[in-house]
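Order of appearance sets the numbers: ligands from 1, and atoms from 1 within every ligand.
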Amino acid sequence: MNSDRKKRVYVETYGCQMNLADSEIVQSLLDTDGFEMSPLMEEADVLLVNTCAIRENAEQRIYGRLGEFKRLKQLNPDIVVGVLGCMAERLRTKLVEEHARGVGQIVDIIVGPDEYRKVPALIQKAWNGEKGVAVQLSRVETYDDIMPLRTEGKSAWLSVMRGCDKFCTFCVVPFTRGRERSRSLSTIVEEVETLSKRGFREVTLLGQNVNSYRDGSSDFSDLMRAVAGVDRLMRIRFTTSHPQDMSEKLIGTIAETPNICKYIHLPVQSGSDRILELMNRTYTTAHYLGLVEMIRRNIPGVTLSTDIISGFPTESEEDHRDTLALIERVKYDGMYTFKYSPRENTPSFKMGDDVPDEVKARRVNEVVALAKIQAEEINRRYVGTTGEILLEGESKKSPDEWQGRTDGNKMVIVPKRDFSAGAYVNVRFTRSSAATLFGEAA
Ligand code: SAH
Ligand code: SF4
Ligand code: F3S
């Protein structure tokens with residue numbers, strides 16, 4: 001191998017936004033160590049995949065990608081293949097043993113979410129023929145001192161806390177990401193200052209349970225206020241909030257602060273109290289509906305989205321109808337729907353998986369259909385009104401159009417004019433669908 005040039009690393013990321021943020025941390029560590037990032041896997045010396053373990057199908061996709069990496073490694077055996085993230089943490093060495101499905105032998109390094117500082121050294125060792133596994137979880141690691149390597153853009157992710165202590169019975173996250181811990185408020189604010197100077201126009205504060213953030217005497221509401229004060233032209237978003245930690249104080253801060261976006265993702269998972277209890281979600285539907293009411297009363301025009309799991313163990317038709325009824329009452333702007341996927345070693349795994357797949361699929365379809373009707377109805381009310389959007393760039397569907405987002409996170413398509421990405425544009429909405437608003441610059 002030509003040793004004069006920098007070694008090139010290709011990184012592919014799956015899973016949630018926290019994984020996207022983590023990949024930027026890994027790339028920053030590699031950049032500092034003298035590696036170069038490459039967008040082309042065919043030209044890379046190192047292939048890394050940052051993985052998700054949340055559902056069985058997420059892991060299936062990763063095995064598919066490893067099959068592709070295998071093809072490249074057969075052409076060039078010097079290539080180092082690394083599996084990072086939640087699936088690495090969950091499966092550990094099993095990834096190269098029984099679960100390997102014919103692709104395990106090509107994996108050189110396995111690194112869990114709290115051991116990314118070791119990635120550069122493990123890659124070097126792999127070139128010396130040593131396989132590396134680093135999957136220790138930490139109670140303190142937050143990568144607080146590392147400035148993520150971000151591609152230039154207008155929107156940045158920023159992890160403010162790691163891990164999760166909620167232990168919902170269906171969920172692998174507490175096992176793959178470990179205990180909850182927060183970064184310091186001051187370094188987060190510094191990072192946002194840097195982003196502002198570099199021209200970023202939007203920051204999303206991330207955590208699996210972001211509203212349980214705590215640094216000394218500062219809570220998430222204090223953090224939001226501090227971050228929003230850095231640059232009033234910068235939009236501040238956050239995800240994900242757990243209903244149990246959604247405080248009145250935080251709702252007040254969102255309401256009072258103009259550049260905190262009026263959009264809350266508030267996963268409910270189920271509309272049945274019996275199922276919520278089995279899920280260990282720690283709230284009832286009454287509490288959740290009360291929260292929604294308080295949010296809407298205090299934050300006029302707020303948009304809401306949620307996550308729903310269909311087919312949790314023992315979920316009956318009545319439980320499912322309760323979920324539809326809750327959705328009917330709340331009326332969401334957006335929704336993410338999932339078929340329950342049993343995950344080994346989680347508490348609900350022992351409850352069995354008694355809802356047949358076709359029943360899960362039918363229930364998900366019913367939830368999706370209802371969500372679509374609601375979103376269409378809500379979006380129709382925007383037609384004829386005006387609103388401000390932040391332009392993100394060219395529309396994915398047409399080079400003649402721009403796409404942007406409202407404060408409430410609605411995707412908006414407008415005909416191209418001489419605006420640039422990162423501009424705030426006033427738009428009159430002319431047409432709508434369940435997922436998109438269409439408009440023209442007002
Ligand atoms: N921390 C976030 C969720 C992160 S995972 C929260 O608590 O809101 C994103 C979503 O994946 C969850 O909200 C849940 O709806 C879904 N999910 C998690 N585990 C799952 C499983 N075993 N099967 C199906 N969906 C699951
Ligand atoms: Fe998983 Fe529950 Fe934690 Fe969300 S709050 S990451 S669903 S355990
Ligand atoms: Fe997946 Fe891990 Fe995120 S399991 S959803 S990548 S925290």
Are [X] and [Y] close enough that their ring centers fall under 6.0 Å?
X	Y	answer
F220	F238	yes
F170	F338	no
Y283	H242	yes

> Which bit of R177 gets closer than 4.0 Å to ligand 3, counting heavy atoms only: side chain, backbone, both or neither?
Replying inline: side chain

> Is it the side chain (CB and beyond), the backbone, both or neither of Q208 that lies under 4.0 Å from ligand 3, heavy atoms counted?
Replying inline: side chain

To which protein heavy atom is [atom] closest, and what is the distance rounded to 0.1 Å?
atom	value
atom 2 (Fe) of ligand 3	C86 SG, 2.2 Å
atom 4 (S) of ligand 3	A53 N, 3.3 Å
atom 1 (Fe) of ligand 3	C52 SG, 2.3 Å
atom 6 (S) of ligand 3	N19 ND2, 3.3 Å

> Relative to ligand 1, is I54 under 4.0 angstrom through side chain, backbone, both or neither, heavy atoms considered?
Replying inline: both

> Under a 4.0 Å heavy-atom limit, does F170 contact ligand 1 with its side chain, its backbone, both, or neither?
Replying inline: both

> Taking the non-hydrogen atoms of R281, is any one of them nearer than 4.0 angstrom to ligand 2?
Replying inline: yes

Mind checking whether [X] has an N or O less than 3.5 Å away from an N or O of ligand 1?
X	value
P267	no
H242	no
R55	yes
Y340	no
S341	yes

> Backbone N or O of A434 within a donor-acceptor pair of the N379 side chain at under 3.5 Å?
Replying inline: yes

> Evaluating non-hydrogen atoms only, which member of S212, P243, C168 is closest to atom 8 (S) of ligand 2?
Replying inline: C168

